[in-house]
Structures are given as structure tokens and as C-alpha cells.
Peer 1: 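Take a look at this one; I'll ask things after.
Atoms considered below: every heavy atom in the structure, side chains included; atoms not considered: hydrogens, waters and symmetry mates. Here is the naming used below: chain letters follow the sequence lines, and residue numbers restart at 1 for every chain.
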There are 2 protein chains.
Amino acid sequence: MGPGRRAGRSTSRNDILEAARARFARHGYVGTTVRAVAVDARVDAALVHYFFGTKTSLFAAAMALPVNPADVLAGVLTDGVEDLGERLARAFLRIWDDPAAGAPLVGLVRSAASHDEAATMLREFAGQEMLARLAGALDDPRAELRATLVGAQLLGVAMGRYVLRIEPLASANHDTLASALAPTLQRYLTGELSPRDA
Amino acid sequence: MGPGRRAGRSTSRNDILEAARARFARHGYVGTTVRAVAVDARVDAALVHYFFGTKTSLFAAAMALPVNPADVLAGVLTDGVEDLGERLARAFLRIWDDPAAGAPLVGLVRSAASHDEAATMLREFAGQEMLARLAGALDDPRAELRATLVGAQLLGVAMGRYVLRIEPLASANHDTLASALAPTLQRYLTGELSPRDA
DNA sequence: GCTAGATTTCAACAACGGATGAAAAACTCT
DNA sequence: AGAGTTTTTCATCCGTTGTTGAAATCTAGC
């Protein structure tokens, strides 16, 4: 093709971002190469560096979410604690089932498993930001443990349904799943943690 | 040091295995290099290949579990379905809290997130072997969905407590956690999946 | 049309990773 | 003691990766 700018408006920056999101979601941070992203975007590898500098900042740019989950959580928390389990389950599934938000999240989780920087990213974000806020809304001596139990259940669904795609969980109906999860979350949030408490 | 065999009995093969387990558990398959394993084992990189051939078979050897979880599950399943949630939760935590079995499992999960071969390994093993057996013990039209819900909850605990080490889940007491999880698992196994079923 | 800036490829480098072949040293068995 | 086997390092190969510098081509403002 030869060097030099192409005629017309350039979509390269966006092509690269989309290709990067797909790669990171499928192969994680370490398993994704700048060159492979460039091939997917039909672009030279140097262009990736021209737009984004280093691989790490490309990752950061690609993992930027269209919605801020902390805001979604804040919205869910305003309506009190009574139906919280149900509303939480539905909001969670809605975000993850949306490809625009789901792909970066899958990439983040995949990368967090084997890349320290991504793990820190996820921990600070999900841990400090979201779990702390959830625990703050609870008013219970074991609020933090309750919040992490909720987090563990949702993380498990994220792994099984969206990352590993285990059937029939991966294809399960949105409502069916929400109904199954809601009582679990509600018990972790406000119910008796151990049967002997009753 | 110079080439040639060292005096006395050699522990190198085992040193390499232990170093590999630790590396795979911390950095996953892709993030672990044969050279780093060799350094940890205080051995030349070529020796790793001498003993284990390829990196993939080193991984397979390092991920071999001291106990077969499928057997543990079979044992748990013999005593009927009444207290199954409680027994399942305890057996799960017992295995993962044991370092000898826990390290390979953490390595497997970490690697599964970003390495296709490890993902297949985990899927075939946990999916076909364990979830199918669990579903088979259930006698319910939605047995498979129930089994994967149990799997998702346990996978979430594995990720949060052992892989990402999110507090206070990571340091939570064994019994406290088992008590909190047992009702969830029991409901997924034999309870009403959706509140409207009642 | 000229000039400044933006976009694009090419070529290359330095580091790293998995893997191999050869040679050296120790052990085993007769 | 000698032959064969096992363990060990060294040197090296070859492919891959992140990254950079230079040059070429297009667009925009004057």
C-alpha cells in the first residue's frame, strides 16, 4: 500500500479500539499482541503506537466503559433495601448482556486473572468503589462480608456465563437467571447469614 | 558452576515442579516463562525441557492434583440430597484451603481466563466431569441449570477468596463461610429456583 | 499554491521466549 | 574399572514483541 496518509476521513483510531476490545476480551492482556490488534484493524502496528503510545494505555483506552457501573449501583441503591437483591441482579445482567459494556468487562476480568496491572485496576474499581458503597448502604456489623458475598456470587455468574460460557448458564434466559439469583443476593444483603442465627 | 551432573541425590525435578506450580498460580500460563521457573528452581532452563519436554506438558504436570475432586464429589453425593448444600460447601472449602490442592487449582483458574488450552482443560474437567455428575444426582427437569448455578456460586468464591483475595472474604472463617453458602447451594439444588414457583 | 499538521507504512532494533544439540560430570551395574 | 545411563550447563537458533525513527502521502488554513 505504501506509506502516507489515506484519502478521506480516517476511521483507524476507532477500528483499532474495537479490535483491541475484541482481542483483550478473548485473550486477556498478556495474550493480546499489538501486532494482532493492528492486523484485525487492517493497519500497521506502528499506527497503534502513534495513536495510543504504549500497550498499557491502549488497554486502558479499550477498557473504558460506556456506562459507569458505580453510577448504576448508586441508582439501584436509592430505592431502599427491600427489593435490592432483585434490582441488583437485574442491573448486573443488563450491563453484562449489553455487548458495548460486556466486552470491556470480559476483557478486564480475563486480564485481571493473569496481569497484575489489570488486577489492580479491577480490585480498586470493583473493590474500593463498588463493594464499599454497597456495604455502606447496609447498616450491619458484617456489612463488608455481606457485600463480598454478593460480589462473589455475581463474579461467579460473570465467569461462568460470560467468560467461560458454561452451558446452560451461558444461554439461560435473562429473567430466569435474575429470579434465581435475587433470593440469594437478598439473603446475603439482609437475611440471616447462618441458619443458626434464626 | 559448569556442566555435568551434581553429586548426591537430585531434587531438581521436584524443585522445578514446585517452582512451576507457584509461578502458574501467581501469573497464569501465559505470564509464566520457562526461564523464570528455572531461576526459581535454581536450575538451567534447558533442564526444565529435559525433564518435561514442552511448556505445555510442564503445565499439565504442575496442575496434577493430589486429590481427585471428582472422587470427593462422588463421596459427598452418596449421603443423599438433604444436607447436600452444607456438605458441598464444606468439601469445596476444605480442598481449596489446602495449599497442596489449592495452588494447582488457583493456577488452573488463572490460566483458564487467558489461555485456551487451560480453559478447555478446566471446562472438560469441571464441566463434563463434575457438573454433569452433580446434575445427574438431582432428578429435576432443570437439573443442569441448577448444577451450573451451584458451579457459578462456588467459582465466584474461588475467584474472590483464592485468586483475587478480596477482603474480608479472603480471611473469612471457614465455618462462617460454609454456613453462609450452604443455604444458597441447597436452594439451587433442591429449592424453588424462582420465588414465583412457591 | 504553500505551509503546517495529521495520518500512514516501512524498516529496524533490542529484548525475550521456547526449544535444541553438544559436551561434561556423576551415578549404576557388571 | 569400564560401559551405559542420567543429570546438568552452555551456547545458540529462531520466532515474536513492544517500540522507535524516518519518510511518504493526505488534509486544512491561509
Peer 1: So, is A:S10 close to the D:dC26 phosphate, meaning a side-chain N or O under 4.0 Å from OP1 or OP2?
Peer 2: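 For A:S10, the contact criterion (side-chain N or O under 4.0 Å from OP1 or OP2 of D:dC26) is not met.
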
Peer 1: In whole angstrom, what separates A:Y29's OH from D:dG18's C1'?
Peer 2: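 In whole Å, D:dG18 C1' and A:Y29 OH are 9 Å from each other.
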
Peer 1: For B:L47 and C:dT20, give me the distance from atom CG to atom C1', rounded to whole Å.
Peer 2: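 One finds 14 Å between C1' of C:dT20 and CG of B:L47, rounded.
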
Peer 1: Roughly, in whole Å, what's the span from OH in A:Y50 to C1' in D:dT25?
Peer 2: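 For the pair A:Y50 OH and D:dT25 C1', the rounded distance is 13 Å.
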
Peer 1: Kindly check if the number of other-residue, nucleotide or ligand heavy atoms within 6.0 Å of CZ (B:R6) is above 12?
Peer 2: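 Yes.
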
Peer 1: Determine, using the 4.5 Å side-chain heavy-atom cutoff (strictly less than), whether A:V81 and A:L73 are members of one ILVMFWY cluster.
Peer 2: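 Result: yes, single cluster for both.
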
Peer 1: Without decimals, in angstroms, what is the distance between A:I16 CD1 and C:dT8 P?
Peer 2: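 In whole Å, C:dT8 P lies 8 Å from A:I16 CD1.
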
Peer 1: Whether the B:T148 and B:E144 side chains hold a donor-acceptor pair (N or O, under 3.5 Å, no angle test) is what I'd like checked.
Peer 2: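 Checked: B:T148/B:E144 side chains show no N/O donor-acceptor pair below 3.5 Å.
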
Peer 1: Treating primed atoms plus P, OP1 and OP2 as sugar-phosphate and everything else as base, which nucleotides of nucleotides 21-30 of chain C get B, S or - for protein heavy atoms under 4.0 Å?
Peer 2: B--BBBS---

Peer 1: Check the angle between the aromatic planes of B:F59 and B:F24 and answer parallel, tilted or perpendicular using the 30° and 60° thresholds.
Peer 2: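 Geometry flag for B:F24 against B:F59: perpendicular rings.
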
Peer 1: Please state how far atom NZ in A:K55 lies from atom C1' in C:dC16, giving the value in whole angstrom units.
Peer 2: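 After rounding, the reported distance stands at 13 Å.
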
Peer 1: If the threshold is 4.0 Å, N to carboxylate O, is there a salt bridge linking B:R161 and B:D97?
Peer 2: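 A salt bridge is present here (some side-chain N lies under 4.0 Å from a carboxylate O).
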
Peer 1: Rounded off to whole Å, could you give me the CZ-to-P distance for the A:F52 and D:dT20 pair?
Peer 2: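 One finds 16 Å between P of D:dT20 and CZ of A:F52, rounded.
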
Peer 1: Write down the distance between CZ (B:F51) and P (C:dG18), rounded to a whole number of angstrom.
Peer 2: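 For the pair B:F51 CZ and C:dG18 P, the rounded distance is 19 Å.
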
Peer 1: If the condition is salt bridge (charged side-chain N to carboxylate O under 4.0 Å, His left out), which residues does A:R21 pass it with, not counting sequence neighbours?
Peer 2: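 Partners of A:R21 under the salt bridge (charged side-chain N to carboxylate O under 4.0 Å, His left out) test: none.
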
Peer 1: Return the 5'-most residue of the pair A:T32, B:V43 with respect to DNA chain D, ranking by each residue's nearest nucleotide.
Peer 2: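 The 5'-side residue here is B:V43.
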
Peer 1: Taking CZ from A:R35 and P from C:dA11, how many angstroms apart are they, rounded to a whole number?
Peer 2: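 The distance from CZ of A:R35 to P of C:dA11 comes to 13 Å, rounded to the nearest Å.
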
